[in-house]
Amino acid sequence: MEITVKKTERTDLPIPFGKANCTPGRLPDVQPATVVAHVRVGAEQEPRKVTFEIPHPDPLLTRLLHDECSEHLIKLAADIAFGPEWKRVGDAMHGTLVLTRRGEGAVTVHRIDGTTHYIAAPVTEGDPIAELDAAAPSIAAEIRLTPGRCDPHAFAEAKKAFLFPVRASVDRGEQRVVIVSPPKDVQDRLIHYALDVCGLPTS
C-alpha cells in the first residue's frame, strides 16, 4: 500500500493487520506486534524503514485475533452455509442452514442472529438449532428471515445486510461466532423479497 501524505498536522492511515495465525484446538495468545513503514520524504530517492510498536496488549488486535480464530476452530470441524433453496411463506422467507462435515467433533449450532436488515430465527424455536453428530456427513436446519427495517435508506446502505452471526460449538465446548453469508443470487432474491414485503419499488 502506497500513500502520499501532504503537509498536515495529522493524517490517519489505514493499516491492515493481515490474517491471524490461528492454532488448532485452542485460541492463540496475543503476541506483541509492530507496524513497519517505508517512508520517503521530499526528494529522497530511497525510503527509510520506520517501525512503530503497538501497545501490548492492544484491545482491537486482541478482539480481531479472538474473532478470526474462533471462527477458524469451528470451520476446522464443519462448514456452515445457507442452503440454495428458499421459498416465501407469508411475509417470511424460509431456507436452510447446512452443516457439512470437514473434521472431527460434533458441531452444534445454538443460535443465528440477524443483521442490520434482516431478522433471523429458526423455524422451530429451541437450542440447539442443529447438531451435526460426530459421525454424520451433513445436516440442515430450517430458518426464516424477515425484514428488520423498511426505510428506503436502509436498502441503499446494505453493506452488512448479509453478514449473519451464527453461534456454534464443537463437542459442546465454548460457543464461538461464525459469520455466514448467502451467495449473491440468494442475496438478490432476499433484497427483492424484502422490498416487496416493505411495499417499496422493486426496480
Side-chain angles (χ1 to χ4, degrees), residues 1 14-36 54 56-86 93-145 159-187 189-190:
M1 180 174 58
I15 303 295
F17 281 122
K19 293 193 66 174
N21 292 321
C22 300
T23 54
R26 67 176 183 85
L27 292 177
D29 297 325
V30 180
Q31 302 298 321
T34 58
V35 174
V36 178
I54 297 177
H56 179 73
D58 178 69
L60 175 59
L61 187 58
T62 300
R63 179 175 63 81
L64 291 174
L65 180 70
H66 184 276
D67 290 350
E68 189 172 333
C69 291
S70 288
E71 187 171 13
H72 175 72
L73 290 175
I74 299 297
K75 288 182 175 179
L76 287 176
D79 179 61
I80 303 176
F82 288 108
E85 301 298 326
W86 289 81
M93 283 290 278
H94 284 214
T96 56
L97 194 64
V98 181
L99 282 69
T100 305
R101 170 68 54 205
R102 294 186 65 183
E104 298 180 354
V107 180
T108 302
V109 171
H110 301 272
R111 193 174 78 227
I112 179 171
D113 291 328
T115 68
T116 54
H117 290 67
Y118 295 91
I119 298 169
V123 171
T124 302
E125 293 290 342
D127 182 358
I129 295 175
E131 190 158 20
L132 180 65
D133 185 84
S138 64
I139 192 173
E142 291 189 56
I143 60 171
R144 63 194 299 269
L145 300 181
K159 295 179 181 178
K160 297 183 179 180
F162 298 106
L163 302 179
F164 291 89
V166 174
R167 190 169 291 276
S169 64
V170 177
D171 292 330
R172 290 287 180 160
E174 182 181 346
Q175 294 185 22
R176 308 182 188 279
V177 174
V178 178
I179 302 299
V180 181
S181 298
K184 181 63 167 58
D185 62 319
V186 174
Q187 292 183 23
R189 289 184 60 195
L190 290 173

Which pair of heavy atoms, one from [X] and one from [Y], lies closest together, and at what distance?
{"X": "E71", "Y": "V178", "value": "OE2-CG1, 3.6 Å"}
{"X": "T115", "Y": "A161", "value": "OG1-O, 2.6 Å"}
{"X": "R101", "Y": "V107", "value": "NH1-CG2, 4.4 Å"}
{"X": "V180", "Y": "A81", "value": "CG1-CA, 3.8 Å"}
{"X": "R189", "Y": "W86", "value": "NH2-O, 2.7 Å"}
{"X": "E125", "Y": "A121", "value": "OE2-CB, 4.0 Å"}

Using the side-chain contact (heavy atoms from CB on, under 4.5 Å) definition, which of the options T108, L99, V177, V170 pairs with I74?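 In the set T108, L99, V177, V170, the residue that makes a side-chain contact (heavy atoms from CB on, under 4.5 Å) with I74 is V170.
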State, yes or no, whether a side-chain contact exists between [X] and [Y] at a heavy-atom distance under 4.5 Å.
{"X": "F82", "Y": "T96", "value": "no"}
{"X": "S181", "Y": "L163", "value": "yes"}
{"X": "I179", "Y": "P165", "value": "yes"}
{"X": "L190", "Y": "F162", "value": "yes"}
{"X": "R172", "Y": "H110", "value": "yes"}

[atom1]-[atom2] distance between [X] and [Y], expressed to the nearest 0.5 angstrom:
{"X": "R102", "Y": "I80", "atom1": "CZ", "atom2": "CD1", "answer": "10.5 Å"}
{"X": "T124", "Y": "I143", "atom1": "OG1", "atom2": "CD1", "answer": "12.5 Å"}
{"X": "I119", "Y": "D113", "atom1": "CD1", "atom2": "CG", "answer": "11.5 Å"}
{"X": "L64", "Y": "C69", "atom1": "CG", "atom2": "SG", "answer": "10.5 Å"}
{"X": "F164", "Y": "L145", "atom1": "CZ", "atom2": "CG", "answer": "5.0 Å"}
{"X": "H66", "Y": "R176", "atom1": "NE2", "atom2": "CZ", "answer": "6.0 Å"}

Checking Q175 against S169: is there a side-chain donor and acceptor pair closer than 3.5 Å?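 No, no side-chain donor-acceptor contact under 3.5 Å.
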Indicate yes or no for a side-chain donor-acceptor contact from [X] to the backbone of [Y] under 3.5 Å, with no hydrogens or angles considered.
{"X": "R63", "Y": "L65", "value": "no"}
{"X": "E142", "Y": "V123", "value": "no"}
{"X": "R111", "Y": "D127", "value": "no"}

Step-by-step side-chain contact (heavy atoms from CB on, under 4.5 Å) determination, L61 to H56: CA-CA 9 Å; L61 187 58; H56 179 73; over 6 Å; no
The criterion is salt bridge (charged side-chain N to carboxylate O under 4.0 Å, His left out); which residues satisfy it with D171, sequence neighbours excluded?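 None.
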For H72, which residues count as a side-chain hydrogen bond (donor to acceptor under 3.5 Å, both in side chains) partner, sequence neighbours excluded?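 Testing H72 for side-chain hydrogen bond (donor to acceptor under 3.5 Å, both in side chains), a comparison that skips the adjacent residues, returns none.
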Other residues, nucleotides and ligands only: do more than 12 of their heavy atoms fall within 6.0 Å of CG on N21?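 No, because the 6.0 Å sphere around CG of N21 holds 12 heavy atoms or fewer from other groups.
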